[in-house]
Amino acid sequence: DVTTLGTVEASKAVTADSNGDVKFSDDDILRFGTGSDLRIFHDGSNNIFRGDSNPMFFQTDDTIHITKNLNSEKMAKFIGDGAVELYHNNVKKVETTSDGVTVTGDATITSTADGGPILNLISNDHSDATDFATEAKLSFKADNDANQETEFTKITLMTDDVSDGS
């Protein structure tokens, strides 16, 4: 039995099972909004939530893909218990890893605050803090003329006195 407080129209078979679940066939579309702005459907392989101005694609496993025009261009990928990947024009630019974040391409830090932008590099592993030990390294790398990644210069931070002053 299907009970409604308003009007229900269907031009195709829509069934309700004994659990009360309403079932649609593959490729049948559930539309929301006056202009059918939001559509939800299953194409036989993929579950798709699509909005006229903001298409989205969700995959059934523990990975969520957000794509433009049903997979023609990657925008973001969220991997369960893993990485988050962000894309620009279908090219991966930012990825979280178990060690931190990887940025491919240029990164710009902009600030309107007095003194300009600040980049803080913080080593928060106090367990290995000892006087005159290496705490951080800033490495400048580029490809040489043989297309090999080469470290051209490095700045190393060595601690002086790591005690808290007591």
Do [X] and [Y] have side chains that get closer than 4.5 Å, going by heavy atoms?
X: V101; Y: V94; answer: yes
X: K77; Y: T63; answer: yes
X: T104; Y: K92; answer: no
X: N47; Y: F41; answer: no
X: F78; Y: E85; answer: no

> Which pair of heavy atoms, one from N90 and one from K74, lies closest together, and at what distance?
Replying inline: OD1-N, 2.5 Å
> What do the steps show when you test K141 against E151 for salt bridge (Lys or Arg N to Asp or Glu O under 4.0 Å), and what is the final call?
Replying inline: CA-CA 4 Å; K141 297 179 180 182; E151 183 176 77; 5.0 Å; no
Look up atom [atom1] in [X] and atom [atom2] in [Y], then write down how far apart they are to the nearest 0.5 Å.
X: D106; Y: T108; atom1: CG; atom2: OG1; answer: 6.0 Å
X: R39; Y: R31; atom1: CZ; atom2: CZ; answer: 6.0 Å
X: H42; Y: I48; atom1: NE2; atom2: CD1; answer: 8.5 Å
X: E149; Y: D143; atom1: CD; atom2: CG; answer: 6.5 Å
X: N89; Y: K68; atom1: CG; atom2: NZ; answer: 8.0 Å
X: I79; Y: T96; atom1: CD1; atom2: OG1; answer: 8.0 Å

>> Would you say T102 and E95 are linked by a side-chain donor-acceptor pair, where the criterion is simply a distance under 3.5 Å?
In response: no
>> Side-chain heavy atoms nearer than 4.5 Å, only ILVMFWY residues, links allowed to pass through others: does that put I66 and Y87 together?
In response: no
> Are L38 and L30 co-members of a hydrophobic cluster defined by side-chain heavy atoms under 4.5 Å apart?
Replying inline: yes
> Does T97 reach the main-chain N or O of D99 with its side chain, forming a donor-acceptor pair under 3.5 Å?
Replying inline: yes
